[in-house]
A.B. asks: 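Quick one: structure below, then a few questions.
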2 protein chains.
Amino acid sequence: MPMGTSRTGAAVATARKQVSRTGRVAAAPRMGTKLPVNEILIGDCIAALEKLPAESVDLVFADPPYNLQLEGALMRPDHSRVDAVDDAWDQFASFAAYDAFTRAWLLAVRRVMKKNATLWVIGSYHNIFRVGTALQDLNFWILNDVVWRKTNPMPNFRGKRFTNAHETLIWASRSPDAKGYTFHYDAMKAANEDVQMRSDWLFPICTGEERLKDTEGRKVHPTQKPEALLARIMLASSNAGDVVLDPFFGSGTTGAVAKMLGRNFIGCERDLTYADAARARIAAVEPVDPEALKAAPEKRSEPRIPFLSVVEGGMLRPGEVLTDARGRHQAMIRADGRLSLGPAIGSIHKIGALAQGLPACNGWTFWHADRGGERVCIDSFRAQLRASMSAA
Amino acid sequence: MPMGTSRTGAAVATARKQVSRTGRVAAAPRMGTKLPVNEILIGDCIAALEKLPAESVDLVFADPPYNLQLEGALMRPDHSRVDAVDDAWDQFASFAAYDAFTRAWLLAVRRVMKKNATLWVIGSYHNIFRVGTALQDLNFWILNDVVWRKTNPMPNFRGKRFTNAHETLIWASRSPDAKGYTFHYDAMKAANEDVQMRSDWLFPICTGEERLKDTEGRKVHPTQKPEALLARIMLASSNAGDVVLDPFFGSGTTGAVAKMLGRNFIGCERDLTYADAARARIAAVEPVDPEALKAAPEKRSEPRIPFLSVVEGGMLRPGEVLTDARGRHQAMIRADGRLSLGPAIGSIHKIGALAQGLPACNGWTFWHADRGGERVCIDSFRAQLRASMSAA
DNA sequence: GGTAGGGTTGAATCGGGGA
DNA sequence: ATCCCCGATTCAACCCTAC
């Protein structure tokens, strides 16, 4: 056992006979092996998992390398350099190599999952499709894909794509016939203002106090996940006292949240720097009273309504002319959701400012449409749309 | 040509020689073949696409089937039913059949895509991971995954999962080196309250007036997509006059929105009931005013104005001192349109970079001149000059 | 084909100075 | 003391054209 490991709740499980459902040859189950919990196993997760008894963990959270295919350096418009994930652990020679890696760790994980255990994997478009395909091929059963919407994503610096503002999680059970998995439907519903918890979750990225820094103020791990995300996952799909496995432990968010919520964890991590930081972090965690978490309300933000949505929704028609309240200024709605005023084209705000010769303008309150001879402020269309979209 | 097909804007394209970039043997290009637009091609999309000229469409939207059990293409060769979801072999056979089907239509689509065309595919967790993997394996290049968040999703009735409240779209270019694809960054940003459009979009599902019903009030198509979704896609990634292909045309949302937005469409559909409903639907569509669709000047392709022209035009005087926005750096304008900073002489960009100690700098936005006590960005002089030149 | 010009960033945290 | 504003910093990465 590595030095300095905190054992918040020692537990032991006995391995049951492993039944291979895939027809593949699996490592022989280690009957009677003890299950080390609340420890970080140093080394490659596949090797580490082989030493654990089969069918012994209740929940898995995996944040595998994303296999980002980066080429040159990315600069911000001010020519500062974006701190890239250029670590060796994220480099793979090919999609085939990444797929082989993915299948290997998924099989190693499946062996230690209890029959009714479930697995969460997080990824981006670089890797998540390959993970999802591997899961299906290996006879895992996908229960949901869940989208983590970031309140504060990194912008797109080149103006060539949409801002990459989300990551995808896949939630899967061990096999299609494993129907007895844990899902706290009522708790999720209660936490979501008494409507069913949806498959799109809104959280900020991990910054500020929560973000682990080294003595020189640099981030310890490039991709530290927010604790709120892990808390949602554990509250939804595990029980107090359960064993939660994280085969790519990194900075230890899974361990920290597990301790906080009264779960046991097992982490695998190859990098000693990460593992040391994670141990210190987890040691400082104060477990919370589970009662206090029950009604943790979903953070909700007033949805930003693009003017384009009002046009796409048919409330205003491209080609229609907008005026100000007294009909002194005019502009035409373009199909793309911008306005044109003479040769100028821009947002409702920019064109409103231009019309008045002001530096800024709230286009929502400035522009009006003709509805049966009455000038109707376009903000009323936004209000209608908000009301119809409040369900989300 | 199928009866009843509306031809809103007959167009003809000539096939260019197809260069296979994948090393696969492709069907021989059909030189001189005419491109039928604003029509629905009846039959299997793979067969229909083979009759089209190579490299002839600008945008593809595909909503492929993902019901593994019910689609003819996914039956076993002996037409026996694939059942027993817990049978691993059947699972695998079923996925393998779906993958073969996916690769086949993707290759057929790729052949007719222009070099800089892009492709959108929509799906759910049942199929989207397989589609994404196939796209990467076939050397498409994923630009974004986009999440359509539904304001009014179908609730989860069993209470065993999260409400499936989104679908996933993948946006991909034809190959990693196809960098010249269409993306209306400025339009998307202006239409989204002057911040970059994100990868998560919020739309209601298709209901009410928009939803096609048969004479008995039943919905014509089970998965009719909202027009707003297609409008966002076409406005972001195509131009007026472009050809938009939909290989799984269904109820014809792609065609209806294409006609509305001044694009041409090509649809493939096997089911005559769907095709008939789509034709009638599209015939009733009123295109928007072409004025509202006019191409806006893209910043990247505006004519280049030499800084010297601004000096020659008298808007800045040789000898005048420029500063940055906060007055921390200074440089003097030379009569030859270069700046001098101490002993250094160079372009506005080079001297701006030098002043800040950066590798590069946009001198147009960095340097300011004093006009009546106000610091005025020199880019505004360029804008004036551009305006006066375009007027001529 | 190499080089240079000219495009391209939103939300949040944190620290310091002034009201 | 407290608040507010401003500037610096940071976050799973993302270019094209003209000469």
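Order of the sequence lines fixes the chain letters, A, B, ..., with proteins taken first and strands second; residue numbering starts at 1 for each chain.
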A.B. asks: Taking only side-chain N and O atoms of B:Lys189, does any of them lie within less than 4.0 angstrom of OP1 or OP2 on C:dT8?
C.D. replies: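 No, because none of the side-chain N or O atoms of B:Lys189 sits under 4.0 Å from OP1 or OP2 of C:dT8.
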A.B. asks: Select base, sugar-phosphate, or nothing to describe what B:Ala360 touches, counting heavy atoms under 4.0 Å on all strands.
C.D. replies: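 Result for B:Ala360 = nothing.
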A.B. asks: Go through C:dA11, D:dT10, C:dG7 for me and flag the one nearest to the A:His79 side chain.
C.D. replies: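 Minimum distance to the A:His79 side chain belongs to C:dG7.
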A.B. asks: Hey, does A:Trp89 reach any base, or is it just sugar-phosphate, or nothing, if we go heavy atoms under 4.0 Å?
C.D. replies: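 It contacts base atoms.
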A.B. asks: Just checking A:Glu209: base, sugar-phosphate only, or nothing, at a heavy-atom cut-off of under 4.0 Å?
C.D. replies: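 The answer is sugar-phosphate, as A:Glu209 gets under 4.0 Å only of primed atoms, P, OP1 or OP2.
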A.B. asks: If you look at every strand shown and take non-hydrogen atoms under 4.0 Å, does A:Gly72 touch a base, only sugar-phosphate, or nothing?
C.D. replies: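 It contacts base atoms.
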A.B. asks: Would you say the rings of A:His221 and A:Tyr274 are close, in the sense that their centroids are separated by under 6.0 Å?
C.D. replies: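 Here the rings of A:His221 and A:Tyr274 have centres that are less than 6.0 Å from each other.
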A.B. asks: Answer yes if the ring centres of B:Trp171 and B:Trp120 are under 6.0 angstrom apart, and no otherwise.
C.D. replies: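 Ring centroids of B:Trp171 and B:Trp120 are less than 6.0 Å from each other.
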A.B. asks: Could you state the atom-to-atom distance from OH of A:Tyr66 to P of D:dC11 in whole Å?
C.D. replies: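 Whole-Å distance recorded here is 15 Å.
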A.B. asks: Between D:dA12 atom C1' and A:Asn156 atom CG, what is the distance in whole Å?
C.D. replies: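 In whole Å, D:dA12 C1' lies 14 Å from A:Asn156 CG.
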A.B. asks: Kindly say if B:Ser347 contacts the phosphate of C:dG5, meaning a side-chain N or O under 4.0 Å from OP1 or OP2.
C.D. replies: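 It does, given that an N or O in the side chain of B:Ser347 lies less than 4.0 Å from OP1 or OP2 of C:dG5.
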A.B. asks: If you only use heavy atoms from C-beta on, which nucleotide in C:dT9, D:dA13, D:dA12 is closest to the side chain of A:Leu74?
C.D. replies: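 Nucleotide nearest to A:Leu74's side chain: D:dA13.
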A.B. asks: Using the C1' atoms only, state how far C:dG1 lies from D:dA18, rounded to an integer number of Å.
C.D. replies: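 My reading of the C1' atoms in D:dA18 and C:dG1 gives 13 Å.
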A.B. asks: May I ask you to verify if any side-chain N or O of B:Arg326 is less than 4.0 angstrom from the OP1 or OP2 atom of D:dA8?
C.D. replies: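 For D:dA8, OP1 or OP2 has a side-chain N or O of B:Arg326 closer than 4.0 Å.
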A.B. asks: For D:dG7, which nucleotide is its Watson-Crick or G-U wobble mate, given both distances must be under 3.5 Å?
C.D. replies: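 Pairing partner: C:dC14.
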A.B. asks: Students often get this wrong, so: under 4.0 angstrom with heavy atoms, is B:Gln196 touching a base, only sugar-phosphate, or nothing?
C.D. replies: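 Sugar-phosphate: the residue B:Gln196, judged by heavy atoms under 4.0 Å, touches backbone atoms but no base.
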A.B. asks: May I ask you to say what A:Arg81 touches in the nucleic acid, namely base, sugar-phosphate or nothing, with a heavy-atom cut-off under 4.0 Å?
C.D. replies: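 No contact at all - A:Arg81 keeps every heavy atom at 4.0 Å or more from the nucleic acid.
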A.B. asks: From the set C:dG7, D:dA12, D:dA13, return the single nucleotide nearest to any side-chain atom of A:Ala84.
C.D. replies: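 Of the options given, the side chain of A:Ala84 lies nearest D:dA13.
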A.B. asks: Closest to the A:Leu68 side chain: D:dA12, D:dA8, C:dG7?
C.D. replies: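 Taking heavy atoms from C-beta onward, the closest nucleotide is D:dA12.
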A.B. asks: When you compare D:dA12 with C:dC14, how far apart are their P atoms, in angstrom units rounded to a whole number?
C.D. replies: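 My reading of the P atoms in D:dA12 and C:dC14 gives 16 Å.
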A.B. asks: Would you indicate what B:Thr365 reaches in the nucleic acid, counting non-hydrogen atoms under 4.0 angstrom: base, sugar-phosphate, or nothing?
C.D. replies: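 B:Thr365: no heavy atom of the nucleic acid under 4.0 Å.
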A.B. asks: Checking A:Arg270 against A:Trp89: charged group under 6.0 Å from the ring centre and within 45 degrees of the axis?
C.D. replies: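 Cation-pi check for A:Arg270 and A:Trp89: fails.
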A.B. asks: Is the phosphate of D:dC11, meaning OP1 or OP2, less than 4.0 Å from a side-chain N or O of A:Lys150?
C.D. replies: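 No.
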A.B. asks: Report yes if a side-chain nitrogen or oxygen of A:Arg304 is closer than 4.0 Å to either non-bridging phosphate oxygen (OP1 or OP2) of C:dA11; otherwise report no.
C.D. replies: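 Yes, A:Arg304 has a side-chain N/O under 4.0 Å of OP1/OP2 on C:dA11.
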A.B. asks: When we call it a touch if two heavy atoms are under 4.0 Å apart, what does A:Phe162 touch: a base, just sugar-phosphate, or nothing?
C.D. replies: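 If one applies the 4.0 Å heavy-atom cut-off, A:Phe162 turns out to touch nothing in the nucleic acid.
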A.B. asks: Whole angstroms only, please: what is the CE-P distance between A:Met154 and D:dC14?
C.D. replies: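 These atoms are roughly 10 Å apart.
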A.B. asks: What does B:Pro303 touch in the nucleic acid at a heavy-atom separation under 4.0 angstrom: a base, only the sugar-phosphate, or nothing?
C.D. replies: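 No contact.
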A.B. asks: Is the distance from OP1 or OP2 of C:dG7 to the nearest side-chain N or O of B:Arg382 less than 4.0 Å?
C.D. replies: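 Yes, B:Arg382 has a side-chain N/O under 4.0 Å of OP1/OP2 on C:dG7.
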A.B. asks: If you define the side chain from C-beta out and look only at heavy atoms, does anything of B:Phe183 sit under 4.5 Å from B:Leu143?
C.D. replies: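 SC-SC contact between B:Phe183 and B:Leu143 ruled out.
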A.B. asks: Once you measure the plane-to-plane angle for A:Phe248 and A:Trp105, does it fall in the parallel (<30°), tilted (30-60°) or perpendicular (>60°) bin?
C.D. replies: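 Aromatic pair A:Phe248/A:Trp105 classed perpendicular.
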A.B. asks: Rounding to an integer number of Å, can you tell me how far B:Lys299 NZ sits from D:dC15 C1'?
C.D. replies: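 Nearest whole value for this atom pair: 16 Å.
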A.B. asks: Given C:dA12, C:dT8, C:dG10, identify the nucleotide with an atom nearest to the side chain of A:Thr151.
C.D. replies: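 Output: C:dA12.
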A.B. asks: Rounded to whole Å, how long is the line connecting atom NZ of B:Lys350 with atom C1' of C:dG5?
C.D. replies: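 Atom-to-atom, B:Lys350 to C:dG5, this comes out as 8 Å.
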A.B. asks: Verify the contact: side-chain N or O of B:Tyr181 to OP1 or OP2 of D:dC14, cut-off strictly under 4.0 Å; return yes or no.
C.D. replies: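 It does not, given that no N or O in the side chain of B:Tyr181 lies less than 4.0 Å from OP1 or OP2 of D:dC14.
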A.B. asks: Only pairs with both distances under 3.5 Å count, Watson-Crick or wobble alike; so what is the partner of D:dT17 in this structure?
C.D. replies: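 Paired with C:dA4.
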A.B. asks: Base, sugar-phosphate or nothing for A:Pro77? Non-hydrogen atoms, less than 4.0 Å.
C.D. replies: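 Answer is base: heavy atoms of A:Pro77 come under 4.0 Å of a base.
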A.B. asks: Judged by each residue's nearest nucleotide on DNA chain C, which is more toward the 5′ side, A:Asp78 or A:Gly208?
C.D. replies: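 With A:Gly208 and A:Asp78 compared, the 5'-side residue is A:Asp78.
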A.B. asks: Taking D:dC15 as the reference, what is the distance to C:dA11 when you measure between their P atoms (whole Å, please)?
C.D. replies: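 Their P atoms lie roughly 23 Å apart.
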A.B. asks: Does B:Asp58 reach the main-chain N or O of B:Asn239 with its side chain, forming a donor-acceptor pair under 3.5 Å?
C.D. replies: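 Not a single qualifying donor-acceptor pair exists.
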A.B. asks: With DNA chain D as reference, determine whether B:Arg328 or A:Asn164 sits nearer its 5' end, using the nearest nucleotide of each.
C.D. replies: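 The residue closer to the strand's 5' end, by nearest nucleotide, is B:Arg328.
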A.B. asks: When you measure from the side-chain N and O atoms of A:Arg161 to the phosphate of D:dC14, is any distance below 4.0 Å, counting only OP1 and OP2?
C.D. replies: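 For A:Arg161, the contact criterion (side-chain N or O under 4.0 Å from OP1 or OP2 of D:dC14) is met.
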A.B. asks: Answer yes or no: is there a side-chain heavy-atom contact under 4.5 Å between B:Ile351 and B:Arg338?
C.D. replies: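 With C-beta onward as the side chain, the pair stays apart.
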A.B. asks: Between D:dT9 and C:dT9, how far apart are the two C1' atoms, rounded to whole Å?
C.D. replies: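 My reading of the C1' atoms in D:dT9 and C:dT9 gives 13 Å.
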A.B. asks: Examine C:dG7: is either OP1 or OP2 under 4.0 Å from a nitrogen or oxygen in the side chain of A:Lys160? Give yes or no.
C.D. replies: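 Indeed not, no polar side-chain atom of A:Lys160 lies that close.
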A.B. asks: Using Watson-Crick or G-U wobble geometry with both distances below 3.5 Å, tell me the partner of C:dT9, or none.
C.D. replies: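 Pairing partner, where one exists within any strand: none, as none qualifies.
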A.B. asks: Quick one: B:Arg338 CZ to C:dG5 C1', roughly how many Å, whole number?
C.D. replies: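 In whole Å, C:dG5 C1' and B:Arg338 CZ are 16 Å from each other.
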A.B. asks: For the side chain of A:Arg158, counting heavy atoms from C-beta on, which of D:dA8, C:dT8, D:dA12 is nearest?
C.D. replies: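 Ranking D:dA8, C:dT8, D:dA12 by closest atom to the A:Arg158 side chain puts C:dT8 first.
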A.B. asks: Taking NZ, NE, NH1 and NH2 as the nitrogens, is one of them in A:Glu227 or A:Arg281 under 4.0 Å from a carboxylate oxygen of the other?
C.D. replies: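 Salt bridge flag = yes for A:Arg281 with A:Glu227.
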A.B. asks: Taking the side chain as C-beta and beyond, is there a heavy-atom pair between B:Glu374 and B:His368 under 4.5 Å?
C.D. replies: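 When only atoms from C-beta onward are counted, B:His368 and B:Glu374 do not touch, as no gap falls below 4.5 Å.
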A.B. asks: Report the relative orientation of the aromatic rings in B:Trp201 and B:Phe203; use parallel for angles under 30°, tilted for 30 to 60°, perpendicular for over 60°.
C.D. replies: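 Geometry flag for B:Phe203 against B:Trp201: perpendicular rings.
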A.B. asks: Among D:dA12, C:dT13, C:dG10, which is the nearest nucleotide to the side chain of A:Thr207?
C.D. replies: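 Closest of the options to the side chain of A:Thr207: C:dT13.
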A.B. asks: Specify the separation, in whole Å, of atom CG of A:Leu212 and atom C1' of C:dT13.
C.D. replies: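 To the nearest whole Å, that distance equals 16 Å.
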A.B. asks: Heavy atoms under 4.0 Å, any strand shown: does A:Arg218 hit a base, just sugar-phosphate, or nothing?
C.D. replies: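 It contacts nothing in the nucleic acid.
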A.B. asks: Please determine, for the side chain of A:Ile205, which listed nucleotide (C:dG7, D:dC11, D:dA8) has the closest atom?
C.D. replies: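 Out of C:dG7, D:dC11, D:dA8, the nucleotide with an atom closest to A:Ile205's side chain is D:dC11.
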A.B. asks: What is the distance, to the nearest angstrom, from the CG atom on B:Asp379 to the P atom on C:dG7?
C.D. replies: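 Whole-Å distance recorded here is 7 Å.
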A.B. asks: Reckon A:Thr223 touches a base, only the sugar-phosphate, or nothing at all at heavy-atom distances under 4.0 Å?
C.D. replies: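 The residue A:Thr223 makes base contact.
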A.B. asks: Would you indicate what A:Val82 reaches in the nucleic acid, counting non-hydrogen atoms under 4.0 angstrom: base, sugar-phosphate, or nothing?
C.D. replies: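 A:Val82: no heavy atom of the nucleic acid under 4.0 Å.
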A.B. asks: For B:Trp141 and A:Lys219, take the nucleotide of DNA chain D holding the closest heavy atom to each; which residue's nucleotide lies nearer the 5' end?
C.D. replies: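 Looking at DNA chain D, the more 5' nearest nucleotide goes with A:Lys219.
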A.B. asks: So what does A:Lys225 hit on the nucleic acid, given a heavy-atom distance under 4.0 Å: a base, only sugar-phosphate, or nothing?
C.D. replies: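 Base, at least one base atom sits under 4.0 Å.
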